[in-house]
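Presented below is the structure to which this report refers.
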There are 2 protein chains.
Amino acid sequence: MPAVGSSVPRKDAWDKVTGKARFVDDYSFPGIVHVATVRSPVAFGRIDEIDFCESRMLPGVLDCFTWRDIPGKNINPLVYPDQPFLAEQYARFYGEAIALIAAETREIAEEAVRRVKLKITKMTPVLSIRESLKPDSIKIYGNDNIFTRYTIKKGNAEEAIKSAKYFFEQEYETPYQEHAYLETQGMIAIPGIEDTITVNGSMQCPFYVHDAVSQILGLSKNKVRIVQSTTGGGFGGKEDFPSLVAGHAALVAKKLGRPTKLIYRREEDIISSSKRHPSLVKFKAGVNENGKLVAAIVDYFVDAGAFATLSPIVLWRGTVHAVGPYVCDNVLIRTAAVATNKVPCGAYRGFGSPQVIFAGESMIDEIAYELNLDPIEIRRRNILRIGDSTVTNQKIDKSCGLEETLDKAYEKSNWKEKWKPYSSNSGIDKIKKGIGVSTIYYGVGLGAGGKHLDRAGASMTLLHDGSVHCAVGNTEMGQGARTVLAQIAADALGVPYPIVHVIETDTSFVPDSGPTVASRTTFMSGNALISAAKDLRTRLLPLISELLKCPIEDADLVDGLGFSRKALPENGGKSIQIQELTKEFYSRRLMPSSFGWYVAPNTDFDKESGQGNAYFTYSYCTNIAEVEVDSETGVVKVTKITSAHDMGKAINPQQVEGQIQGGALQGVGYATTEEIRHDKNGRMLNDAFATYILPTFEDGPEIVPIIVEHAYDQGPFGAKGFGEVPLMGIAPAIANAVFNATGKRVRIIPIKPEILLEN
Amino acid sequence: MPAVGSSVPRKDAWDKVTGKARFVDDYSFPGIVHVATVRSPVAFGRIDEIDFCESRMLPGVLDCFTWRDIPGKNINPLVYPDQPFLAEQYARFYGEAIALIAAETREIAEEAVRRVKLKITKMTPVLSIRESLKPDSIKIYGNDNIFTRYTIKKGNAEEAIKSAKYFFEQEYETPYQEHAYLETQGMIAIPGIEDTITVNGSMQCPFYVHDAVSQILGLSKNKVRIVQSTTGGGFGGKEDFPSLVAGHAALVAKKLGRPTKLIYRREEDIISSSKRHPSLVKFKAGVNENGKLVAAIVDYFVDAGAFATLSPIVLWRGTVHAVGPYVCDNVLIRTAAVATNKVPCGAYRGFGSPQVIFAGESMIDEIAYELNLDPIEIRRRNILRIGDSTVTNQKIDKSCGLEETLDKAYEKSNWKEKWKPYSSNSGIDKIKKGIGVSTIYYGVGLGAGGKHLDRAGASMTLLHDGSVHCAVGNTEMGQGARTVLAQIAADALGVPYPIVHVIETDTSFVPDSGPTVASRTTFMSGNALISAAKDLRTRLLPLISELLKCPIEDADLVDGLGFSRKALPENGGKSIQIQELTKEFYSRRLMPSSFGWYVAPNTDFDKESGQGNAYFTYSYCTNIAEVEVDSETGVVKVTKITSAHDMGKAINPQQVEGQIQGGALQGVGYATTEEIRHDKNGRMLNDAFATYILPTFEDGPEIVPIIVEHAYDQGPFGAKGFGEVPLMGIAPAIANAVFNATGKRVRIIPIKPEILLEN
């Protein structure tokens with residue numbers, strides 16, 4: 001039975017549900033040193049003095065470190081060289097790391113941090129996009145406070161919008177979103193022989209951490225080894241940020257020659273780690289008499305925080321996705337990542353697109369209602385189909401299941417019976433029901449923006465007993481990667497799924513395979529495993545051919561059985577079990593290992609005009625949300641989400657459904673409760689789960705996942721990427737449902753009761 | 001500058017001399033369980049009962065385990081399936097492992113071991129080769145107490161010996177030799193996620209340990225990972241034996257679900273771990289009037305101990321080497337590994353050949369003196385040269401530097417001025433000086449006896465910054481492997497030595513590369529690295545060609561510089577540094593990793609007749625020993641050893657000299673002080689370094705190493721294997737020097753003062 005396409009049990013399920021899995025904080029070593037971080041108490045200020053006297057007097061304190069102790073470069077190697085591992089002259093956001101203290105216990109280290117006397121000359125911080133963009137604002141980055149700008153220009157949007165029959169213009173705002181991974185940031189660094197260092201910890205992107213540790217220590221890359229420990233969630237929050245934590249732990253380990261441990265408490269994790277960018281979107285649309293979008297002008301600003309970190313690439317994805325999966329010949333998209341004196345924002349499931357999707361999908365809904373069109377119908381008139389072109393003028397020539405997701409979600413949700421009646425909700429009902437829709441697309445992988453990183457390696461070894469050992473460069477962080485990749489490896493090699501083991505990601509096993517982000521793991525590491533399996537089969541198939549005395553072109557290996565396709569075992573043909581085959585393989589001293597390598601299909605994009613192939617392929621999704629709004633309290637209860645996805649191929653349908661469930665719930669939080677507030681000095685006010693309100697299972701709607709499979713011929717068994725998509729379009733579907741229920745258009749999320757109760 | 005051939009600094013030197021290197025006992029984990037071993041107090045007996053009651057009552061004792069707790073197979077997977085991990089019905093030697101006790105501390109575990117009440121019915125043990133071979137002996141293995149026999153038959157030795165002009169017949173005996181590695185046996189086992197287990201420890205052969213742990217736990221091989229920790233010496237003593245220690249640690253770890261640590265104390269290490277086989281050699285020789293060997297009949301018996309373990313292959317090497325590096329047309333070699341109720345013997349530097357070499361090289365010396373020939377001269381008349389055939393009728397067709405080693409050692413030692421005068425030592429001198437010689441050869445690698453294991457893999461990755469990361473399947477155990485392999489990798493790839501790092505051996509990195517034994521590491525792993533480098537160069541050279549605009553066949557990369565061979569940089573040609581080249585390599589997403597694979601040259605041997613190519617090539621050596629014998633005390637002082645070696649190519653001359661120094665000193669111990677004694681019940685009497693007498697630096701002679709390089713075209717840069725050779729011929733050279741000094745022929749080593757004082 002093929003493993004691909006069936007809901008085989010997760011490789012990591014048993015350990016995780018029984019508590020056997022060990023996270024970084026579950027490890028220790030004798031003589032381990034605990035590290036705590038001295039952080040900025042101001043949003044912006046000049047660091048005049050760091051006085052460690054009282055800290056050093058505390059018994060158990062080993063040493064204190066500032067940027068001056070860094071032997072390598074004090075810059076986290078990301079897109080721009082702007083973020084230091086430890087602040088130098090200036091602190092640029094509340095919570096920024098300024099110094100490190102090493103002690104024999106965590107408690108002592110933390111007490112020592114409290115005893116540090118920081119002399120900082122406070123400066124006036126810039127705390128919002130609007131403020132930062134003012135002509136007379138304090139300039140905290142360059143001349144304009146803008147880290148990055150992008151433009152997409154197709155046709156002539158300004159002219160077309162003037163001559164369009166209908167014109168729409170609105171502003172939308174979205175909040176921070178905290179990743180709220182169960183496991184906080186944490187690293188253990190262990191100095192090794194021959195000047196090496198190994199860092200174990202919670203992370204998505206071991207190769208980013210590899211870069212960072214090599215950089216802070218000034219070590220050549222072959223002296224640095226990064227091993228991912230079982231990771232309790234990432235969602236983008238463990239993309240770039242673990243590089244800092246690892247750098248800090250490694251610095252102290254190297255200085256003291258002892259293993260170190262640095263585990264964040266939840267509060268410091270929330271104040272200092274990356275978040276989803278707050279955004280401001282100004283959307284103008286021109287629509288013709290048939291409800292077809294003829295022009296769109298989108299201005300999209302994200303609040304990047306104090307350093308660029310991943311903002312340039314987060315913004316790029318948002319830019320490409322700004323108009324949504326619609327045909328539109330005249331497009332002008334202008335985007336900017338804006339500097340403020342707040343925590344640097346970075347990757348979060350969706351990576352800059354949920355914000356613009358909220359705007360775009362709200363806008364299309366506004367248009368539909370304005371034109372008296374069913375929101376489903378307006379989408380039918382505008383969505384991308386095979387043969388159409390995107391806003392970047394990329395022709396969709398294969399694997400586009402958007403219409404099917406729309407049709408299936410429409411039917412399954414019973415939209416037809418609900419939308420119209422809900423639209424005419426009587427004003428006297430206490431509970432008002434509503435239904436709303438969003439349609440989205442998602443460029444798989446890093447695309448043209450991260451093209452040079454879009455390759456992946458894998459190694460595969462056939463062991464003496466016929467079992468198979470695989471290593472990949474992308475990580476398991478709860479999303480099910482190890483399971484799905486083992487399924488792909490099993491079928492690609494032709495062995496049963498249970499005998500395939502995928503080891504924890506370790507930078508020493510495989511070449512740099514890029515980050516575990518952008519829904520690229522199944523696609524990239526899957527293809528790399530297929531490449532490795534192909535290579536192994538070039539030695540296995542001739543052996544089968546020889547042992548079974550069949551022509552090599554007839555020899556096959558499926559599910560652990562070697563046979564001739566011209567004389568199938570079920571027809572009495574000879575066959576050989578993998579165990580026996582492997583014995584023979586080894587006795588002939590054939591090479592039992594192989595490296596696979598996969599380079600993403602080419603993208604060809606002109607950054608100047610914003611035209612070209614932004615991504616090699618897209619995944620598609622339709623969400624239909626149903627809500628009940630309490631007209632007395634203003635509370636929105638999301639009752640049901642029907643979520644239909646085209647991911648090319650569901651390698652493991654159960655896991656696909658799990659992703660839809662999890663993503664939808666994160667989307668419910670984004671739409672209804674999650675936000676971060678700061679005081680006027682830029683200090684974060686809600687740095688705990690008591691005050692940052694996440695949806696719980698109680699708040700969870702019924703979620704109905706629908707799988708649509710329009711195979712992508714370059715994908716492993718037809719699969720595209722999909723992990724982020726389930727979250728991305730939830731918020732506008734809910735906001736649209738709220739409008740359907742209440743007639744109230746919410747353009748700022750989270751949708752708060754007080755807003756709904758306003759007149 | 002090429003790395004190969006120069007004495008670059010050792011990769012592991014700094015850590016080892018500064019104490020930074022961490023051995024297995026330097027590691028711990030929170031919650032680690034300490035394991036101690038219950039051992040047989042008798043040499044042979046029936047185990048009636050193991051009573052753990054008193055042990056279990058000790059606070060801190062966690063559990064006790066016998067063979068009944070083993071989930072997999074209770075057999076250490078070696079040549080014969082005879083040795084259990086834990087004794088079942090019978091204990092077969094004093095010190096055999098019977099049970100394991102796990103406790104919170106080592107002290108508690110050891111106290112619990114002392115409290116175990118063993119009911120054992122004692123049986124009469126067999127304690128020596130002679131006793132075991134008696135027709136009426138107790139049979140402890142099969143019908144004849146013989147694990148393995150081999151025969152080599154060439155020509156008609158029995159006839160030829162009768163018709164030879166001179167006939168010689170002697171018996172020689174050699175003792176146990178204890179490896180005396182600085183670090184005792186030790187393992188840490190750590191249960192991991194997804195039912196995996198990782199074992200770290202002191203070992204030579206991670207893939208043997210891999211087999212063993214998989215076998216005792218009944219786990220598929222992809223669930224088992226073996227990582228060698230810095231290993232403080234092996235010398236063969238960490239070839240097979242660590243499999244037992246690892247099996248024990250892993251069993252307890254798996255049962256308790258906690259990490260375990262099992263470190264041997266010196267005494268238990270000495271009584272229970274493998275040793276060099278004691279031997280008995282009966283040597284008959286026929287010699288013609290010119291002093292040429294015309295016939296040899298050798299009967300060689302080794303005391304294998306209670307289990308076969310590695311004896312079948314140790315014996316095989318001894319069999320092939322029994323007559324030494326001489327031309328002889330009529331040979332009959334009959335060998336046997338004999339069972340006794342003593343510790344199983346196994347691998348020790350030289351692997352069954354030092355014993356027969358002691359006999360053969362003593363015999364040739366006896367012949368020389370008898371025929372009134374200079375011992376150098378008799379060798380000149382008999383040694384193998386290109387075109388000659390060995391006793392197995394293997395034609396020596398390349399790389400034979402034996403004569404050159406003889407000539408160089410002869411000259412360098414000033415033999416001519418010494419031998420004659422010493423021969424006529426006046427009887428009245430208190431201190432008598434002597435000089436003696438041995439000439440030997442050594443079959444490199446596993447040869448026909450272990451052909452199916454004679455392959456090796458390596459992985460090589462070019463990292464972003466141009467540094468290189470390599471992994472190999474053979475281990476560093478103090479012999480300098482990581483350094484020599486990095487030299488080979490550097491030159492093969494074309495990068496500077498300092499930027500090549502070879503990681504600790506880990507079964508997850510590379511395919512099974514066979515054991516680290518038989519002086520095969522430089523040759524096998526070196527060739528595997530060359531294969532990996534070749535593959536990487538198929539991607540590097542085209543890039544150089546393109547960037548420098550030169551034909552691909554002219555492109556080269558040497559010492560980190562890419563250039564065209566037709567326009568050399570020193571003549572003004574363009575060139576590119578590896579760092580820049582790598583940047584371009586990565587930006588093109590070329591595959592930066594490769595697996596190398598090497599299969600040893602074919603050997604073709606008929607086990608029945610003992611004729612054929614036993615090994616793919618041979619290394620050669622001449623040792624000249626000088627002694628001073630105190631005629632009053634009988635004490636032999638070895639004053640100088642001149643040791644000339646043909647190892648094909650000295651990859652690192654300093655390390656070659658280091659090997660010669662170390663090996664010679666081990667040979668001095670073997671010749672003069674080392675032996676193990678048992679009481680009449682088979683209990684070892686000298687289980688400590690206070691009573692087992694090793695040579696110290698004080699006892700060390702002046703050692704003069706001579707390097708002779710007859711390149712072997714299949715070897716990495718011409719290298720053959722060589723690590724074991726320096727020890728192998730020392731004992732007979734010393735015994736021959738003692739004869740030269742005293743006129744006293746010693747046929748039993750160690751050469752004790754009391755023997756020399758006997759009349």
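Since this is a predicted model, take the numbers as computed values, not measurements. What's counted below: heavy atoms across the whole structure, side chains too, no hydrogens, waters or symmetry copies. Chain letters run A, B, ... following the sequence lines, proteins first and then strands; every chain starts at 1.
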Answer key: most heavy-atom pairs under 4.5 Å with chain B among A:His452, A:Lys20, A:Lys11 is A:Lys11
Look at A:Asp465, A:Asp454, A:Ile32 and state which one has the largest set of heavy-atom pairs under 4.5 Å with chain B. A:Asp465
Top residue by heavy-atom pair count (under 4.5 Å) with chain A, among B:Thr230, B:Val468, B:Leu453? B:Val468
With a 4.5 angstrom heavy-atom cut-off, is it the side chain or the backbone of A:Asn222 that approaches chain B, or both, or neither? both
Taking C-beta and beyond as the side chain, do A:Pro30 and B:Tyr27 meet within less than 4.5 Å on heavy atoms? no
Which atoms of B:Ala600 come close to chain A, meaning under 4.5 Å heavy atom to heavy atom: side chain ones, backbone ones, both, or neither? both
Is it the side chain or the backbone of A:Ser508 that comes within 4.5 Å of chain B heavy atoms, both, or neither? both
Given A:Ser593, A:Ala21, A:Pro191, the one with more heavy-atom pairs under 4.5 angstrom with chain B than any other is A:Ser593
Are A:Phe509 and B:Phe509 an aromatic pair by the rule of ring centers under 6.0 Å? yes
Interchain contact, B:Leu462 with chain A, by part (heavy-atom threshold 4.5 Å): neither
Based on non-hydrogen pairs under 4.5 Å, which of B:Lys451, B:Lys223, B:Arg22 is most in contact with chain A? B:Lys451
Please look at B:Arg588 and chain A and tell me whether the side chain, the backbone, both or neither of the residue comes under 4.5 angstrom of a heavy atom of that chain. neither
Plane angle bin for B:Phe523 and B:Tyr598 - parallel if under 30°, tilted between 30 and 60°, otherwise perpendicular: perpendicular
Compare all side-chain heavy atoms of B:Phe585 with those of B:Pro592 and state whether any distance is below 4.5 angstrom. yes
Presence of salt bridge, A:Arg482 and A:Asp12, under 4.0 angstrom: no
Between B:Lys254 and B:Asp195, is there a salt bridge with N-O shorter than 4.0 Å? yes
Option that, when pairs with chain A are counted at under 4.5 Å, heavy atom only, ranks first among B:Leu590, B:Asp26, B:Val500, B:Asp211: B:Leu590
Indicate the atoms forming the closest heavy-atom contact of B:Ser28 with B:Lys261, along with that distance. CB-NZ, 4.4 Å
Counting only non-hydrogen atoms closer than 4.5 Å, does B:Leu463 touch chain A with its backbone (N, CA, C, O), its side chain (CB onward), both, or neither? side chain
Closer than 4.0 angstrom, basic N to acidic O: yes or no for B:Lys16 and A:Glu194? no
Heavy-atom distance under 4.5 Å to chain A: side chain of B:Thr507, backbone, both or neither? neither
In a check of side-chain hydrogen bond (donor to acceptor under 3.5 Å, both in side chains) between B:Arg225 and each of B:Thr198, B:Asp506, B:Thr196, which one passes? B:Asp506
